[in-house]
> 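Quick one: this structure, given as C-alpha cells, is what I'll be asking you about.
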Amino acid sequence: MTEIPEHLLKRSQARRGAAGDAAAPAAAATPAVPNAAAPAVAAPKAPAVPAGPPPAKPDIPVVAAYKARKKIPVWAMLTLSILPVWMFMYVLALKPVVAKATGPLGAGTKVYAGNCGSCHGAGGEGGVGYAFTGGSVTTTFPHIEDQLRWVKLGSAAYVAAGVQVAGDPNREGGAHVAGASGVMPAAASGLGLTDVEILAVVCHERFDLAGAAEDSEEFLAWCSPESEIYLALEAGTATFDNLHEQFEGVMAIGSVPLPGSGPTGA
Ligand code: HEC
C-alpha cells in the first residue's frame with residue numbers, strides 16, 4: 001500500500017471542505033427561489049380570489065384520475081346508443097326470412113301468392129275477398145279446422161248445403177255469412193290444391209297475415225316446421241278426412257260443409 005503523505009491528505013480534505021461549503025449556501029438558497037416567486041405569482045391572482053369561494057381542495061388521486069380520463073365523444077355515444085335499436089331491427093329483418101324458408105309458413109307464403117293474393121291482397125289487406133290482417137281471420141275462425149274446411153270447399157258448397165256461417169256464429173263485428181260477399185273458390189276442386197297445401201296457406205293467413213301468436217298450442221300442433229299433423233299430411237299418411245282419428249284434440253274437418261264454431265267450440 002502506498003502511504004499518502006500527510007500534507008496531501010490535508011490539502012484534499014481542505015478542498016473537499018471548501019466545495020461542501022460552497023454547495024451549502026447554494027442548497028440553502030434553493031428554497032428561497034419558490035419563496036421569492038410565490039408572491040409574484042400569487043399577486044396578480046389575488047384580486048380575483050376574494051370575490052369567489054375559497055379555492056377547492058385538491059382532488060384525491062381517484063377523482064383526479066377520473067376527471068383526467070379520456071372522455072367518449074358525443075358522436076360516439078350517439079352511435080353506441082343507436083346500436084341496440086339497430087340490432088333489434090336487424091334481427092326483425094332476418095326473422096321472416098329464416099322462419100319462412102322452411103315448414104308450413106314457407107310453403108304457405110308461396111301458395112298464397114299464387115292462388116289467394118289476387119282477391120285478398122298481397123299482404124292480406126283485403127280486396128274482392130275479406131282482409132286477413134289485424135286478427136280478422138282468426139276472429140272469423142277461432143278454430144283452424146273450420147277455416148281449413150271452408151278454404152277446401154269454398155263458398156258455393158256452403159250456400160248449396162244451406163250452411164250459412166262457416167266461422168264463429170257470434171263473431172265480434174258480425175258473423176260472416178256464406179255467399180254474402182261474393183264467391184270464394186274451392187281450394188281443392190277449384191284451385192287444385194292438396195290438403196297439405198291448404199294447411200300451409202291457412203297457416204300463412206293466420207300466423208303471418210293475421211298475426212296470431214306463434215308460441216300458441218295451435219301453432220305448435222299445426223303450423224310449426226315440426227308439426228306432426230303437417231308432416232303426416234305431407235307424407236300422405238293422413239288426410240283432412242281422418243286427421244281427427246289420428247291426432248288427439250283435433251276437430252273433424254271432412255269433405256262436406258259444417259256450421260262453424262265459436263272460441264269455446266260451441
Ligand atoms: C276469386 C277471388 C278469391 C280467391 C282467388 C280466393 N278467395 Fe278467399 N274469399 C273470396 C270471397 C269473395 C270471400 C267471401 C265469400 C263469401 O262471402 O261467401 C272469401 C273468403 C275467404 C275466407 C273467409 C274470411 C273471413 O274472415 O270470413 C278465407 C279464410 C279465404 N277466403 C281464404 C282464401 C284462400 C286461402 C285462398 C287461396 C287458396 C282464397 N281465399 C282465394 C274470394 C277469393
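Note that ligands are numbered from 1 as they come in the structure, with each ligand's atoms numbered from 1 the same way.
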> Looking only at non-hydrogen atoms, which of A156, G190, G179 approaches atom 18 (O) of ligand 1 most closely?
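Answer by nearest heavy atom: G179.
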> For ligand 1, indicate whether the residue V111 contacts it via side chain, backbone, both or neither (heavy-atom separation under 4.0 Å).
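Answer for V111: neither.
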> Are any of the N/O atoms in H176 less than 3.5 Å from those in ligand 1?
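H176 vs ligand 1: N/O contact under 3.5 Å present.
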> Find the distance between OG1 (T133) and CG (D208) and round it off to the nearest 0.5 Å.
12.5 Å
> Side chain, backbone, both or neither: which part of S155 has a heavy atom under 4.0 Å from ligand 1?
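Looking at S155 and ligand 1, just side chain atoms fall under 4.0 Å.
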> Only heavy atoms count here, so choose which of F132, W150, Y112 is nearest to atom 23 (C) of ligand 1.
W150
> State the CD1-CZ distance between I144 and R206, to the nearest 0.5 angstrom.
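One finds 5.0 Å between CD1 of I144 and CZ of R206.
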> Just by modelled atom types, is the Y130 backbone N or O under 3.5 Å from a matching donor or acceptor in the H120 side chain?
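Flag set: sc H120 to bb Y130 pair under 3.5 Å.
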> Rounded to the nearest 0.5 Å, what's the gap from CD on E205 to SG on C116? Could you check?
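Reported to 0.5 Å precision, the distance equals 5.5 Å.
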> Hey, quick one: are F240 and I229 part of the same hydrophobic cluster, counting side-chain heavy atoms closer than 4.5 Å, chains of contacts allowed?
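They do share one cluster, since a chain of ILVMFWY contacts under 4.5 Å joins F240 to I229.
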> In terms of the angle between their ring planes, are F132 and Y112 parallel, tilted or perpendicular, with boundaries placed at 30° and 60°?
perpendicular
> Does some side-chain heavy atom of L153 sit less than 4.5 Å from a side-chain heavy atom of Y158?
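Result yes, sub-4.5 Å side-chain heavy-atom pair found.
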> Which is it for V183 and ligand 1 at heavy atoms under 4.0 Å: side chain, backbone, both or neither?
backbone
> How many N, O or S atoms of the protein are nearer than 2.8 Å to atom 8 (Fe) of ligand 1?
2
> Report yes or no: do R171 and T139 form a side-chain donor-acceptor pair below 3.5 Å?
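Looking only at side-chain atoms, T139 and R171 do not form any donor-acceptor pair under 3.5 Å.
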